[in-house]
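All heavy atoms count here, side chains included; hydrogens, waters and symmetry mates do not. Position 1 is the first residue of the sequence, and the numbers go up from there.
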Amino acid sequence: MAKKVLVVDDELTIVKLVQFNLEKEGFSVESAFDGEMALNMIENQVPDLIILDLMLPKVDGLEVCRRVRNKQKHIPILMLTAKSDEFDKVLGLELGADDYLTKPFSPRELTARVKAILRRMEALKEREESEETKTELRVGDLIIDPEGYEVMKHGKVIDLTPKEFELLLYMVNHRGKVLSRDQLLNAVWNYDYIGDSRIVDVHVSHLRDKIEEDSRNPAYIKTVRGIGYKFEGRKDK
């Protein structure tokens, strides 16, 4: 069955461009031209992926992203942003978007991003079904449930976005090793991200805020200057 993609943008030319190129690759594509319309469509039939412009009538893209994440945590979201909207890019990632693409974009790059995100989601499903991922992980005062996408600290559940959880799980499984930003992008986002690794730094920063006692003096996620990050902590199980 073809994967279903919902394109949300109020520019008809962009919607047609995206739809043409994705349908050419075998995707089933539906479109919405404002945030309210998109939310209604998502409520009625959950898509496999959402391509979401931030500047939308009625309900803007950031609010759509927030509402989707509150209800449907595992739907991947690819944001479309203007080149100058640095604040919106970061805020969108904070709200749980999986990736962003800056306008104007090439149809080839967009198609590649969509395929990469969906490959990653399929790989996650396969891992969840394997016996290995059904084992609870304990690292320091963290308890990580890979199957339930849940992390607990001191007996309380920590509210992580799907991407934050995947990043944490990857780092825990490679604890003690120095991981470059490019390694993390390729492993967690499932593609080589060209020219900008800030997406990793944003997610690491927010992950620290949630799992560390003092995010400015982290005990778990250490910065390796000029390279990337290293997760420290003994795995108990």
Find out whether [X] and [Y] are in side-chain contact, i.e. whether some heavy atom of one side chain is under 4.5 Å from a heavy atom of the other.
| X | Y | value |
| --- | --- | --- |
| Pro162 | Arg69 | yes |
| Met171 | Leu184 | yes |
| Val7 | Gln19 | no |
| Leu168 | Val151 | yes |
| Leu62 | Leu54 | yes |
| Ile42 | Pro47 | yes |
| Phe27 | Leu49 | no |
| Ile51 | Leu22 | yes |

Side chain [X], main chain [Y], donor-acceptor under 3.5 Å:
| X | Y | answer |
| --- | --- | --- |
| Arg66 | Glu63 | no |
| Lys153 | Ile211 | yes |
| Asp98 | Ile77 | yes |
| Asn173 | Leu169 | yes |
| Arg113 | Tyr100 | yes |
| Lys163 | Ala97 | no |
| Arg119 | Val114 | no |
| Glu164 | His203 | no |
| Glu212 | Ile221 | yes |

Closest non-hydrogen atom pair, [X] against [Y]:
| X | Y | result |
| --- | --- | --- |
| Leu52 | Gly61 | CD2-O, 3.3 Å |
| Leu6 | Ala38 | CD2-O, 4.2 Å |
| Ala2 | Ser28 | CB-N, 4.0 Å |
| Val178 | Gln183 | O-OE1, 3.7 Å |

Who are the ring pair (Phe, Tyr, Trp, His ring centres under 6.0 Å) partners of [X], not counting sequence neighbours?
| X | value |
| --- | --- |
| His206 | none |
| Tyr220 | Phe231 |
| Phe20 | none |
| Phe33 | none |

What pairs of residues pass the salt bridge (charged side-chain N to carboxylate O under 4.0 Å, His left out) test when at least one of them lies in residues 23-32, not counting sequence neighbours?
-> Lys4-Glu30, Glu25-Lys115
Would you mind listing every salt bridge (charged side-chain N to carboxylate O under 4.0 Å, His left out) that reaches into residues 8-20, with sequence neighbours excluded?
-> Asp9-Lys103, Glu11-Lys103
With sequence neighbours excluded, tell me which residues meet side chain to side chain donor-acceptor pair (under 3.5 Å) with [X].
| X | value |
| --- | --- |
| Asp209 | Ser215 |
| Thr223 | Arg208 |
| Lys177 | none |
| Asn217 | Asp214 |

If you measure from [atom1] on [X] to [atom2] on [Y], what distance do you get to the nearest 0.5 Å?
| X | Y | atom1 | atom2 | answer |
| --- | --- | --- | --- | --- |
| Leu39 | Asp34 | CG | CG | 9.0 Å |
| Asp48 | Leu118 | CG | CG | 6.5 Å |
| Lys210 | Ser205 | NZ | OG | 10.5 Å |
| Ile144 | Arg138 | CD1 | CZ | 11.0 Å |
| Ser106 | Leu101 | OG | CG | 7.5 Å |
| Leu56 | Leu80 | CG | CG | 9.5 Å |

Check the pair Val29, Val18 against side-chain contact (heavy atoms from CB on, under 4.5 Å), reporting the backbone distance first and the verdict last.
-> CA-CA 9 Å; Val29 182; Val18 173; 5.5 Å; no
Do the charged groups of Arg67 and Glu43 touch, with an N to O distance under 4.0 Å?
-> no
For the hydrophobic clusters of this structure (ILVMFWY residues joined by side-chain heavy atoms under 4.5 Å, transitively), does one cluster hold both Ile143 and Leu207?
-> no
Any link between Met152 and Leu142 through a network of hydrophobic side chains (Ile, Leu, Val, Met, Phe, Trp, Tyr) touching at under 4.5 Å?
-> no
Determine, stepwise, if the pair Val64 / Val8 fulfils side-chain contact (heavy atoms from CB on, under 4.5 Å).
-> CA-CA 10 Å; Val64 171; Val8 189; 5.9 Å; no
For Glu150, what residues pass the salt bridge (charged side-chain N to carboxylate O under 4.0 Å, His left out) criterion, not counting sequence neighbours?
-> none
So ring pair (Phe, Tyr, Trp, His ring centres under 6.0 Å) across residues 150-169, not counting sequence neighbours, yields Tyr149-Phe165
